Amino acid sequence: TKPEGQTGSTMASQVRTHELRTKKKTELEQQLNELRTELSQLRVAQVTGSGGSKVAKIGSVRKSIARVLTVISQTQKNQLRAHYSGKKLKPLDLRRKQTRAMRRALTTSEAKAVSSRVRKHQAHFPKRRFALKL
């Protein structure tokens, strides 16, 4: 579907993120290599000074490379999340970020824990309740 006289690949205009998510990792890596070779060819064209349209295409190719890399890393992270779901220990980058104080705070079970001494004291000296007349 290329017009006559146009050369070079049109990968830069074809890269759509939702299409990338359906591909497998090997296909993504292959597309990444193609985009990188295209970028190197465009850089050579830029240095030689031939083709002003090729120089303008560098930005779109770079963004396409970034999209492919982003999809690869996101799918990899989602697979790791699925692998570690339900396990006791998780890698630091898969844990919830929160704040430092919240991460160090006691859990609800730890906060509710009562020592045997305190339990005995509560049993012997229960909280006093008073009935008030209205």
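None of the values given here were measured: they were computed from a predicted structure.
- With rounding to the nearest 0.5 angstrom, the CG atom of L42 is 8.0 Å from the OG atom of S60.
- Its side chain within the 4.5 Å cluster rule, L80 clusters with Y84, L94 among the Ile, Leu, Val, Met, Phe, Trp and Tyr residues.
- Few gaps surround CZ on R95; more than 12 heavy atoms of other groups in view lie less than 6.0 Å from it.
- Q79 meets the side-chain contact (heavy atoms from CB on, under 4.5 Å) test with no other residue; sequence neighbours excluded.
- Here R100 pairs with R103, R104 under the side-chain contact (heavy atoms from CB on, under 4.5 Å) rule; sequence neighbours left out.
- Side-chain contact between R81 and N78: present, with at least one pair of heavy atoms (C-beta onward) separated by less than 4.5 Å.
- With side-chain heavy atoms closer than 4.5 Å counting as contact, directly or through intermediates, the hydrophobic cluster containing V114 also holds V118.
- Residues I58 and V44 are members of separate hydrophobic clusters, defined by side-chain heavy-atom contacts under 4.5 angstrom among Ile, Leu, Val, Met, Phe, Trp and Tyr.
- Qualifying side-chain contact (heavy atoms from CB on, under 4.5 Å) partners for D93, counting only residues two or more places apart in sequence or in other chains: K77, P91.
- For the atom pair CG of L39 and CD of Q46, the computed distance is 9.5 Å after rounding to the nearest 0.5 Å.
- For T107, the side-chain contact (heavy atoms from CB on, under 4.5 Å) partners two or more places apart in sequence, or in a different chain, are S109, E110.
- Within 6.0 Å of atom NE2 in H124, 12 or fewer heavy atoms from other residues, nucleotides or ligands are found, so the atom counts as exposed in its surroundings.
- Each of K25, K23, E29, Q31 was evaluated against E27; a single residue qualifies, K23, per the side-chain contact (heavy atoms from CB on, under 4.5 Å) test.
- Shown here are the ring pair (Phe, Tyr, Trp, His ring centres under 6.0 Å) partners of H121, two or more places apart in sequence or in another chain: F125.
- When all heavy atoms of K87 and K90 are compared, the pair lying nearest together is O-CE, 4.4 Å.
- Of all the heavy atoms in P126 and A123, the pair that sits closest is CD-O, 3.8 Å.
- Just one of L28, L32, T22 meets the side-chain contact (heavy atoms from CB on, under 4.5 Å) condition when paired with V71; it is L28.
- With sequence neighbours excluded, the residues forming a side-chain hydrogen bond (donor to acceptor under 3.5 Å, both in side chains) with Q74 are R21, listed by chain and number.
- By the side-chain hydrogen bond (donor to acceptor under 3.5 Å, both in side chains) test, R43 pairs with no residue at all, sequence neighbours left out.
- At a threshold of 4.5 Å between side-chain heavy atoms, the hydrophobic network of Ile, Leu, Val, Met, Phe, Trp and Tyr places L35 and V55 in two separate groups.
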